[in-house]
Number of protein chains: 2
Amino acid sequence: MRIGELAKRAGTTTRALRYYEQLGLLPARRAGNGYRAYGEEDVRLLRQIRTLQDFGFGLEETRPFVECLQAGHPHGDSCPASLEVYRKKLSELDECIARLQEVRSQVSEQFARAERERDALAAGAAAEPPQCEWAASAAPDRNTGER
Amino acid sequence: MRIGELAKRAGTTTRALRYYEQLGLLPARRAGNGYRAYGEEDVRLLRQIRTLQDFGFGLEETRPFVECLQAGHPHGDSCPASLEVYRKKLSELDECIARLQEVRSQVSEQFARAERERDALAAGAAAEPPQCEWAASAAPDRNTGER
DNA sequence: GTAGACCTTGACGCCGACGTCAACGCCAGT
DNA sequence: ACTGGCGTTGACGTCGGCGTCAAGGTCTAC
């Protein structure tokens with residue numbers, strides 16, 4: 001199988017595959033004409049990479065999984081190093097989610113405050129003109145303007 | 001006030017300030033010698049920028065807030081454009097948090113499965129030797145190995 | 001023999017928010 | 001006069017994961 005077919009079968013691009021090879025993540029045999037030659041096993045490796053990437057794993061984080069498969073294990077996560085990456089990622093996710101939730105609540109609070117202040121001004125602007133009429137008749141000398 | 005002092009007072013670097021100026025985000029007057037000259041108002045602008053950045057806002061997203069302050073409003077979020085950015089950011093945050101939680105649950109599931117399989121293998125390896133003793137006395141001909 | 005579809009390497013571009021370095025100017029203190 | 005500490009502009013580097021282009025080689029079909 002050549003690079004274009006592998007790319008298509010794994011839903012990625014030839015450029016990505018060349019990049020993975022450059023990282024030593026997905027090495028390729030070479031055909032006589034210099035073309036990269038891949039086997040069925042490489043489809044599994046590549047799909048493992050893509051799956052983890054969809055989860056937000058960086059390419060280096062997928063390496064233990066790929067090496068685990070290359071070593072002949074049934075799954076990419078059959079090896080301790082992969083489990084360790086899982087653990088690390090889970091704690092990263094927890095931390096990240098907590099941080100985002102904290103940020104969300106703060107932004108939400110700011111937003112609510114800003115809207116309250118806007119509404120207070122709008123209410124003031126809407127309430128004062130009538131009040132001005134009242135003020136104009138009751139206290140005609142208070143016309144020098146506020147603020 | 002010169003650039004170094006402003007940077008210190010807002011907890012950032014001179015490089016960042018020059019970058020903001022380059023973006024037109026935080027323009028500076030110039031002293032006779034060519035040095036940038038900042039006023040007290042710029043401290044407020046800069047702190048607004050930094051606060052929003054800590055919330056994960058991109059610099060362009062802080063622009064409406066900064067312009068709002070520059071226009072003389074009491075807060076950076078006293079203007080409609082700023083409120084709109086708040087809304088957009090809140091929905092981005094919600095989407096992002098939801099995505100991360102989904103990913104977290106999937107990774108967690110994979111992790112649990114991988115650990116179960118590892119334990120199953122370990123239990124098999126640990127359970128078989130004793131079983132072999134038992135099997136050796138009760139059924140001496142079943143010693144050709146399993147799997 | 002030639003068009004077209006594939007492949008090769010190499011190199012630069014991109015995004016954001018600066019870091020870092022070079023080479024220089026300005027100013028205060030001793 | 002000289003040192004040290006500020007400032008200036010300009011330019012390149014960083015990180016990840018490729019996209020995109022250039023200039024060519026290879027193979028197949030007509």
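Order of the sequence lines fixes the chain letters, A, B, ..., with proteins taken first and strands second; residue numbering starts at 1 for each chain.
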Of B:A37 and A:G58, whose nearest nucleotide on DNA chain D comes first from the 5' end? B:A37
Nearest-Å distance for atom pair OH/P, residues B:Y38 and D:dG7: 10 Å
Has the side chain of B:R2 got a donor or acceptor that lies under 3.5 Å from a partner of the other kind on the base of D:dG7? no
Rounded to the nearest Å, what distance is computed from the CG atom of residue A:L23 to the P atom of nucleotide D:dG17? 8 Å
A:Y20 side chain: which of C:dC6, D:dC18, D:dG7 is closest? D:dC18
In whole angstroms, how far is the P atom of D:dG19 from the CD atom of A:Q22? 13 Å
Hey, does the side chain of B:T13 come within less than 4.0 Å of C:dG19's phosphate (OP1/OP2), counting only N and O? yes
Have a look at A:R63 and tell me which of A:L25, A:I49, A:L52 forms a side chain to side chain contact (heavy atoms under 4.5 Å, CB included) with it. A:L25
Assess whether one donor atom and one acceptor atom, taken from the side chain of B:R36 and the base of D:dT8, lie less than 3.5 Å apart. no
Integer-rounded Å distance: C:dT9 P and A:L17 CG: 13 Å
In whole angstrom, give the distance that lies between atom CD of A:E21 and atom P of C:dG10. 12 Å
If we count only N and O atoms by modelled type, under 3.5 Å, do the side chains of B:T14 and B:R18 hold a donor and an acceptor together? yes
Rounded to the Å, how far apart are B:R15 CZ and C:dA22 P? 16 Å
Can you see whether B:F55 has B:K89 sitting over its ring - NZ or CZ less than 6.0 Å from the centre and within 45° of the normal? no
Nearest-nucleotide pick for B:Y35, side chain only, options being D:dG7, C:dC7, C:dC18: D:dG7
Can A:K8 and A:E5 be said to form a salt bridge (Lys or Arg N to Asp or Glu O under 4.0 Å), step by step? CA-CA 5 Å; A:K8 196 169 297 181; A:E5 189 184 345; over 6 Å; no
Less than 4.0 angstrom between a side-chain N/O of A:Q53 and OP1 or OP2 of D:dG16, yes or no? no
Does B:Y19 make a side-chain donor-acceptor contact with the base of C:dG19, cut-off 3.5 Å? no
Could you please name the option among C:dT8, D:dT8, D:dG17 that lies closest to any side-chain atom of A:R18? C:dT8
Check the distance between D:dT8's P and B:L6's CG and give it to me in whole angstrom. 11 Å
Taking only Lys NZ, Arg NE, NH1 and NH2, and the carboxylate oxygens of Asp or Glu, determine whether B:R118 and A:D77 approach each other closer than 4.0 Å. no
Output the single nucleotide from C:dA17, D:dG7, D:dG17 whose closest atom is nearest the side chain of B:I3. D:dG7
Give the rounded distance in Å between these two atoms: NZ of A:K8 and C1' of C:dC6. 11 Å
Per A:R30 side chain, nearest of listed nucleotides D:dA11, D:dC18, C:dT9: C:dT9
Out of C:dC27, C:dC18, C:dG19, minimum distance to the side chain of B:N33 belongs to C:dC27
